[in-house]
Amino acid sequence: MLTESDLPALYAAADAASLAAQQAHLRLFRAELALMVSGAGLASLATNGILPVPVSIVAALLLATSVLLSCIARSRRLERRWFDARAVA
């Protein structure tokens, strides 16, 4: 049976790079999604009068932060690095 030590060093390096990029991409994606859902929920509750209107400012900040994270994720191209490293491995 083939073990990890039998594989070339290039595989190990590409596998580690792929795993790191995948983890970073998923971490950013989860944070972006959580901020977006939280902001939308707060905005909805503030619009319907359930929460006070100043909460809509917090909602706007959460949504703006999610957009900022989206821009950061695009500029870092983590998903592309993940797939490229996976292709090499």
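All residue numbers refer to positions in the sequence shown, counting from 1.
Without hydrogens or angle criteria, Thr65 side chain to Leu61 main chain gives a donor-acceptor distance under 3.5 Å. Using modelled atom types, one side-chain atom of Ser56 and one backbone atom of Val53 make a donor-acceptor pair closer than 3.5 Å. Side-chain atoms of Ser70 do not come within 3.5 Å of backbone N or O of Ser66 as any donor-acceptor pair.
Closest heavy-atom contact between Pro52 and Ala46: O-CB, 4.0 Å. Nearest heavy-atom pair, Ser18 versus Trp82, reported as atom, atom and distance to 0.1 Å: OG-CD1, 3.3 Å.
No chain of hydrophobic side-chain contacts below 4.5 Å, direct or via other Ile, Leu, Val, Met, Phe, Trp or Tyr residues, connects Leu42 to Met36. Note on Leu69: it does not cluster hydrophobically with Leu63, by side-chain heavy-atom contacts below 4.5 Å among ILVMFWY residues. The hydrophobic clustering, which links ILVMFWY residues whose side-chain heavy atoms are closer than 4.5 Å, places Leu62 and Ile50 together.
The CG atom of Leu28 lies 12.5 Å from the CG atom of Leu33; values are rounded to the nearest 0.5 Å. Between atom CD of residue Glu32 and atom CZ of residue Arg27 there is a gap of 14.5 Å, rounded to the nearest 0.5 Å. Of the inter-residue distances, the one linking Glu79 atom CD with Arg74 atom CZ reads 9.5 Å to the nearest 0.5 angstrom.
The environment of Phe29 atom CZ is sparse: at most 12 non-hydrogen atoms of other residues, nucleotides or ligands sit within 6.0 angstrom.
Between Asp15 and Arg86, some side-chain heavy-atom pair lies under the 4.5 Å cut-off. You'll find the side chain of Leu26 reaches within 4.5 Å of the side chain of Gln22, heavy atoms only.
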For the pair Ile72 and Arg76, evaluate side-chain contact (heavy atoms from CB on, under 4.5 Å) and give the outcome as yes or no after the intermediate values.
CA-CA 6 Å; Ile72 290 170; Arg76 291 182 65 193; 3.8 Å; yes
Verdict with reasoning, Leu45 to Val55, per side-chain contact (heavy atoms from CB on, under 4.5 Å):
CA-CA 9 Å; Leu45 293 174; Val55 172; over 6 Å; no
